[in-house]
Amino acid sequence: MTLERPPKLLLLDSASLYFRAFYGVPDQRKDPGEPPTNAVRGFLDMIASLVTTFQPTHLVACWDNDWRPKFRVDAIPTYKTHRLADGSLEEEQVPDDLSPQVSVIRDALAALGIARVGADGYEADDVIGTLVHQHRGGMPVDVVTGDRDLFQLVDDAHGIRVVYTARGGVRDPDLVDQAFLAAKYAVPTGSAYADMAVLRGDTSDGLPGVAGIGEKTAAALIERYGDLPTLLTAVADGDPALKGAQRTRLEAALSYLEVAPAVVRVAHDAPVAEHDGALPTEVADVDLLGRLAEDYGLTNSFKRVLAAFDII
């Protein structure tokens with residue numbers, strides 16, 4: 001049946017989803033000595049639900065090989081510093097009961113035959129951006145994430161949208177296209193969203209933005225000038241339409257505005273490895289699947305995924 005589906009690529013922002021699963025799925029352990037499994041079960045159930053709903057022919061779990069890449073930290077040292085584990089300059093703060101589940105998720109993806117793709121020195125966002133760039137025009141792409149940073153990839157002309165899980169989860173997500181961006185943020189395109197996001201900043205990522213310029217003002221500036229480079233040219237050329245406090249704020253933030261776009265915009269050329277992203281038509285490793293099902297009580301979750309794949 002999967003071969004009859006029209007081509008479509010589903011890209012998973014894996015960490016976004018398994019963090020959501022960890023906090024949203026109850027821990028059903030009766031014995032605290034047993035391994036935690038709520039994030040694994042939730043992640044697998046999300047895959048089953050997403051495949052059933054969106055009917056992709058291709059599926060890739062995108063991975064953070066580096067959650068805080070050096071090139072972003074070099075540009076803006078505050079990038080994600082609030083997420084560092086205590087006393088660490090590199091490790092992300094992850095709940096104790098989630099850490100051991102990440103390796104189980106990796107094994108589960110391998111057993112099922114779902115492509116898991118990362119790139120050394122890059123975040124999952126960059127892997128997603130690169131795969132979107134590679135497949136643009138070849139097939140529609142749905143990006144599943146709870147991170148609005150990826151709204152920058154929205155492109156109606158090429159069938160690229162974001163399945164945004166932050167509010168309604170995977171069962172009732174926001175489907176972010178250009179109409180959504182216009183209605184919610186007053187920007188017409190994904191690229192314009194990225195420019196607006198540079199000006200606005202994002203405290204959740206340690207990006208200060210331009211002091212005194214919030215979302216509405218940022219969107220209005222991008223609407224007036226078309227894009228961030230044109231706005232910065234207007235600042236440099238003394239455009240009389242930019243005056244008073246607004247000009248002062250932009251001038252004070254010029255050093256930030258020079259480096260922030262490279263931090264905010266996802267890469268389109270991350271060194272992703274060759275992979276087969278086609279939806280699995282059979283279990284890749286039956287023995288591993290069986291061990292995981294028995295050791296972690298994942299039988300029902302695996303059954304739901306396999307049913308979504310039309311394997312059983």
Side-chain angles (χ1 to χ4, degrees), residues 1-22 24-25 37-63 101-102 104-118 124 127-128 131-132 134-135 138-147 150 153 159-177 272 275-286 288-290 292-293 296 298-312:
M1 291 177 64
T2 54
L3 295 177
E4 299 174 1
R5 298 173 181 173
K8 180 192 286 187
L9 173 60
L10 192 68
L11 298 177
L12 308 180
D13 182 359
S14 299
S16 172
L17 296 181
Y18 64 63
F19 266 92
R20 182 180 183 89
F22 176 77
V25 176
T37 62
N38 59 327
V40 185
R41 289 183 288 108
F43 186 77
L44 292 173
D45 289 348
M46 287 177 179
I47 291 175
S49 180
L50 289 162
V51 170
T52 299
T53 300
F54 295 102
Q55 297 286 291
T57 56
H58 294 71
L59 173 67
V60 177
C62 301
W63 211 257
Q101 297 189 66
V102 176
V104 179
I105 290 171
R106 284 197 296 263
D107 287 344
L109 292 169
L112 288 164
I114 298 172
R116 182 178 66 86
V117 179
V127 174
I128 290 169
L131 294 178
V132 165
Q134 290 178 356
H135 291 281
M139 69 177 80
V141 183
D142 282 340
V143 176
V144 186
T145 184
D147 186 351
L150 290 169
L153 296 172
I160 299 163
R161 63 182 182 175
V162 170
V163 178
Y164 186 53
T165 62
R167 294 194 301 176
V170 300
R171 297 189 184 279
D172 187 25
D174 290 314
L175 300 181
V176 181
D177 55 12
V272 299
H275 59 278
D276 181 4
L279 204 68
T281 57
E282 61 183 7
V283 175
D285 190 330
V286 175
L288 177 58
L289 193 79
L292 293 172
Y296 297 98
L298 300 174
T299 299
N300 289 334
S301 291
F302 280 137
K303 283 182 177 180
R304 283 189 281 272
V305 174
L306 295 175
F309 289 172
D310 296 321
I311 292 176
I312 59 173

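Just so you know, these numbers come straight off a predicted model, no measurement behind them.
In plain terms, the two heavy atoms of Gly113 and Pro280 that are nearest each other are O-CG, 3.3 Å. A pairwise comparison of heavy atoms in Phe54 and Pro173 identifies CZ-CG, 4.3 Å as the closest pair. Ile105 and Ala39 make their closest contact through CD1-O, 4.3 Å (heavy atoms, listed as atom of the first residue, atom of the second, distance). When every heavy atom of Leu11 is checked against every heavy atom of Leu131, the shortest pair comes out as CD2-CD1, 3.8 Å. Contact detail for Asp276 and Ala115: the closest heavy-atom pair is O-CB, 3.7 Å. Of all the heavy atoms in Leu175 and Val163, the pair that sits closest is CD2-CG2, 4.0 Å.
The CG atom of Leu150 lies 10.5 Å from the OH atom of Tyr164; values are rounded to the nearest 0.5 Å. Between the CG atom in Asp13 and the CG atom in Asp147 there is a gap of 6.0 Å [rounded to 0.5 Å]. The CZ atom of Arg171 sits 9.0 Å away from the CG atom of Leu50 when rounded to the nearest 0.5 Å. Rounded to the nearest 0.5 Å, atoms CZ (Phe309) and CD1 (Ile47) are 6.5 Å apart. To the nearest 0.5 Å, atoms OG1 (Thr52) and CG (Asp310) are separated by 8.5 Å. Separation of atoms NE2 (His275) and CD1 (Ile114) is listed at 13.0 Å; rounding is to 0.5 Å.
Contacts of Arg20 classified as salt bridge (charged side-chain N to carboxylate O under 4.0 Å, His left out), with partners at least two apart in sequence or in another chain: none. Asn38 meets the side chain to side chain donor-acceptor pair (under 3.5 Å) test with Gln101; sequence neighbours excluded. With sequence neighbours excluded, no residue forms a side chain to side chain donor-acceptor pair (under 3.5 Å) with Thr165. Considering only residues two or more places apart in sequence or on other chains, Asp174 meets the salt bridge (charged side-chain N to carboxylate O under 4.0 Å, His left out) condition with Arg167. In this structure Asp177 satisfies the side chain to side chain contact (heavy atoms under 4.5 Å, CB included) test together with Asp156, Ala179, Phe180, sequence neighbours excluded. Partners of Asp142 by salt bridge (charged side-chain N to carboxylate O under 4.0 Å, His left out), not counting sequence neighbours, listed by chain and number: Lys8, Arg161. With sequence neighbours excluded, no residue forms a ring-ring contact (aromatic ring centres under 6.0 Å, His included) with Tyr296. Remark: Ser14 pairs with no residue by the side chain to side chain donor-acceptor pair (under 3.5 Å) rule, at least two apart or across chains. Looking at residues two or more places apart in sequence or on another chain, you find a ring-ring contact (aromatic ring centres under 6.0 Å, His included) between Tyr18 and Trp63. Applying the side chain to side chain contact (heavy atoms under 4.5 Å, CB included) rule to Gln55 yields the partners Arg5; only residues at least two apart in sequence or on another chain are considered. Among residues two or more places apart in sequence or in another chain, the side chain to side chain contact (heavy atoms under 4.5 Å, CB included) test is passed with Val283 by Val286, Leu289, Leu306. Residues forming a side chain to side chain contact (heavy atoms under 4.5 Å, CB included) with Thr53 (at least two apart in sequence, or on another chain): Ser49.
Only one option out of Ile128, Val176, Val141, Thr145 pairs with Leu153 in a side-chain contact (heavy atoms from CB on, under 4.5 Å); it is Ile128.
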task = Decide yes or no on side chain to side chain contact (heavy atoms under 4.5 Å, CB included) for Val144 and Leu10, but give the supporting numbers first.
result = CA-CA 7 Å; Val144 186; Leu10 192 68; 3.6 Å; yes
inquiry  = With side chain to side chain contact (heavy atoms under 4.5 Å, CB included) as the criterion, how do Phe43 and Leu109 come out once you've worked through the C-alpha distance, each side chain's angles and the decisive distance to 0.1 Å?
reply    = CA-CA 10 Å; Phe43 186 77; Leu109 292 169; 4.0 Å; yes
task = Would you check, one step at a time, whether the test side chain to side chain contact (heavy atoms under 4.5 Å, CB included) holds for Ser301 with Asp45?
result = CA-CA 6 Å; Ser301 291; Asp45 289 348; 3.3 Å; yes
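Around CZ of Arg106, the count of heavy atoms belonging to other residues, nucleotides or ligands within 6.0 Å exceeds 12.
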